[in-house]
Undergrad: 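The structure that follows is given in the form of structure tokens.
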Amino acid sequence: MKIVLVAGTRPEVIKLAPVRAAALSHPNVCVEWIATGQHTTLADQAMEMFTLRPDRRLALDWDGSSLTSLTGALVSELGAALADAKPDMVVVQGDTASAFSGAAAAHLNRIPVAHVEAGLRSGDFANPFPEEGFRRLITPIADLNFAPTRDAAKNLRNEGIARGKVFVTGNTVIDAVLEIAKQDRVPEVLSRAKPGERLVLVTTHRRENWGEGVSNICSAIRALRSAYNDIRFILPAHLNPRVRDTVAAELAGEDRIEVIEPLAYPDFIAVLKNCTLVLSDSGGVQEEAPSFRIPVLVLRERTERMEAVKAGTAKLVGTDRETIVREASRLLGDETRRRAMMRSGNPFGDGKSSERIVREIAKFCRVTLAEPANAAGAINPVGAAASARA
Ligand code: UDP
């Protein structure tokens with residue numbers, strides 16, 4: 001069985017690396033990893049952390065001008081790559097231009113499509129844009145939909161997707177995060193914290209928050225820093241200039257507010273594990289934080305990941321400055337309240353999603369998987385070994 005994994009951005013790399021490892025643990029599975037080039041620096045940094053070298057890199061002819069020129073170039077380049085690779089299945093992840101283009105290019109080449117992290121819905125095409133549209137467009141052409149949770153599977157069935165095409169697998173980001181967390185790193189940014197200081201991790205990059213939203217978030221951070229003299233903020237700034245410029249203008253040189261370069265995945269997870277609170281508009285971070293029982297205030301008006309909100313480990317606060325300050329203060333100023341958000345485990349997965357996905361793909365392809373040489377059914381350590389057997 002030969003599968004192609006398509007990944008263009010940091011979260012796709014993080015969430016597909018464990019699928020690659022699980023697939024390669026079976027001696028009769030060939031894997032080809034295509035790096036689309038949608039993002040280069042962040043995706044490359046993530047691949048490096050999984051000791052992963054792409055089998056193919058697209059020479060993307062894109063001038064950075066628009067989503068239409070990006071998507072057009074991706075469909076065209078992926079179409080040619082898939083026609084050449086001739087896999088039994090193309091696997092795409094999530095809701096990016098690369099995921100949509102990978103699914104479209106596979107469909108047009110009459111190659112079956114599997115969608116990892118299928119069924120997330122905000123119910124609003126403008127929020128998140130363009131992600132809600134991309135993931136909805138993948139659904140009807142996917143032969144296998146791997147829903148991370150029951151709620152996501154329910155969304156798909158409500159849209160009329162046949163039961164036999166929907167599988168609840170858990171989210172593969174939990175496979176990744178649990179494996180990476182074993183590294184137990186102490187990144188430099190952690191060693192700069194003074195004894196007794198509490199850390200608040202902040203990430204922001206969503207398109208809906210560019211401009212006013214990011215500016216409000218920065219202003220809230222300054223207010224909270226002034227209100228609590230034992231808090232240190234750590235903000236790894238996303239590389240997108242629309243985010244970076246605002247963050248630099250608002251926060252550069254501020255005491256106890258560390259604006260730093262994007263952290264390598266194991267370093268980011270080390271900071272996450274050691275922080276008191278997370279403020280984030282990221283999808284992946286909402287999913288990862290509950291693994292370490294760290295409360296998250298979600299800097300978005302709505303989230304398609306309501307499981308953590310329902311479990312009480314996350315709260316939607318949006319990007320209004322006063323609301324962020326009020327909600328963060330409720331937790332930073334009241335340890336009992338903060339601890340109440342730390343009771344539940346992770347509703348997004350158990351760390352075994354990738355193996356479930358590989359088994360369903362094999363069933364679809366009518367292939368009997370050769371069991372891994374190390375232990376039956378075990379997932380190889382992420383990033384361990386295994387060059388692609390394409
Ligand atoms: N992440 C990272 N380094 C950082 C910030 C985030 O490795 O400095 C990881 C994080 O753990 C998560 C993923 O990147 O797995 C989230 O990416 P992002 O927020 O860019 O995208 P989203 O999940 O919102 O699609």
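Scope of the values below: all heavy atoms of this structure, side chains included, with no hydrogens, waters or symmetry mates.
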Undergrad: Applying side chain to side chain contact (heavy atoms under 4.5 Å, CB included), run through I14 and F50 and close with a yes or a no.
TA: CA-CA 8 Å; I14 292 170; F50 291 96; 4.1 Å; yes
Undergrad: Looking at E48 and R10, is there a salt bridge between them, counting it only when a charged N and a carboxylate O are closer than 4.0 Å?
TA: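 Salt bridge flag = no for E48 with R10.
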Undergrad: Could you walk me through whether T36 and W62 satisfy the side chain to side chain contact (heavy atoms under 4.5 Å, CB included) test, starting with their C-alpha distance in whole Å, then the side-chain angles of each, then the deciding distance to 0.1 Å, before giving a yes or no?
TA: CA-CA 11 Å; T36 69; W62 178 50; over 6 Å; no
Undergrad: Identify the two heavy atoms, one from A85 and one from E32, that lie closest to each other, and give their separation to 0.1 Å.
TA: CB-OE1, 3.7 Å
Undergrad: If only side-chain N and O atoms count, and only distance matters, is there a donor-acceptor pair under 3.5 Å linking E159 with T139?
TA: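 The answer is no; no qualifying pair exists.
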Undergrad: When you compare the side chains of T169 and S353, does any donor N or O come within less than 3.5 Å of an acceptor on the partner?
TA: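 Side chains of T169 and S353: no pair found under 3.5 Å.
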Undergrad: Is a side-chain donor or acceptor of N209 paired with a backbone partner of V214 at a separation under 3.5 angstrom?
TA: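 Absent.
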Undergrad: Looking only at heavy atoms, what is the nearest atom pair of H107 and V113, with distance?
TA: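 Heavy atoms only, the tightest pair is N-CG2, 4.2 Å.
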Undergrad: Sequence neighbours left out, what passes salt bridge (Lys or Arg N to Asp or Glu O under 4.0 Å) with R244? Give chain and number order.
TA: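 Counting only residues at least two positions away or on another chain, R244 forms a salt bridge (Lys or Arg N to Asp or Glu O under 4.0 Å) with E261.
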Undergrad: Decide if atom CZ of R192 counts as having more than 12 heavy atoms of other residues, nucleotides or ligands within a radius under 6.0 Å.
TA: yes
Undergrad: Under the side chain to side chain donor-acceptor pair (under 3.5 Å) criterion, do S122 and D124 qualify, and how do the steps go?
TA: CA-CA 5 Å; S122 67; D124 179 357; 5.8 Å; no
Undergrad: Please identify each residue that fulfils side-chain hydrogen bond (donor to acceptor under 3.5 Å, both in side chains) with T68, with sequence neighbours left out.
TA: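 Partners of T68 under the side-chain hydrogen bond (donor to acceptor under 3.5 Å, both in side chains) test: S66.
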Undergrad: Does E132 come within less than 4.0 Å of R135, counting only side-chain N to carboxylate O?
TA: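 Counted as a salt bridge, because a side-chain N and a carboxylate O are separated by less than 4.0 Å.
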Undergrad: Do R207 and E131 meet the salt-bridge criterion of a basic N to acidic O distance under 4.0 Å?
TA: no
Undergrad: Using side chain to side chain contact (heavy atoms under 4.5 Å, CB included), reason through R338 and R198 one step at a time and then give a plain yes or no.
TA: CA-CA 13 Å; R338 192 185 75 87; R198 295 183 290 166; 5.6 Å; no
Undergrad: Strictly by modelled atom types, are E117 and T172 linked by a side-chain donor-acceptor pair under 3.5 Å?
TA: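 No, no side-chain donor-acceptor pair sits under 3.5 Å.
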Undergrad: Look at R366 together with D88 and state whether they make a salt bridge at an N to O cut-off of under 4.0 Å.
TA: no
Undergrad: What is the minimum heavy-atom distance between E287 and N346, and which atoms define it?
TA: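 Residues E287 and N346, closest heavy atoms: O-ND2, 2.9 Å.
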Undergrad: Give me each pair satisfying ring pair (Phe, Tyr, Trp, His ring centres under 6.0 Å) with a member in residues 239-262, each pair once, sequence neighbours excluded.
TA: none
Undergrad: Looking at R185 and D267, is any side-chain nitrogen of the basic one under 4.0 Å from a carboxylate oxygen of the acidic one?
TA: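 A salt bridge is present here (some side-chain N lies under 4.0 Å from a carboxylate O).
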Undergrad: Show, in sequence, the C-alpha distance, side-chain angles and deciding distance for L60 and L70, and conclude whether the side chain to side chain contact (heavy atoms under 4.5 Å, CB included) test is met.
TA: CA-CA 8 Å; L60 207 57; L70 170 64; 3.9 Å; yes
Undergrad: Identify the two heavy atoms, one from M49 and one from I180, that lie closest to each other, and give their separation to 0.1 Å.
TA: O-CD1, 4.3 Å
Undergrad: Run the numbers on R356 and E360 for salt bridge (charged side-chain N to carboxylate O under 4.0 Å, His left out), then give the verdict.
TA: CA-CA 6 Å; R356 291 186 192 110; E360 291 306 334; over 6 Å; no
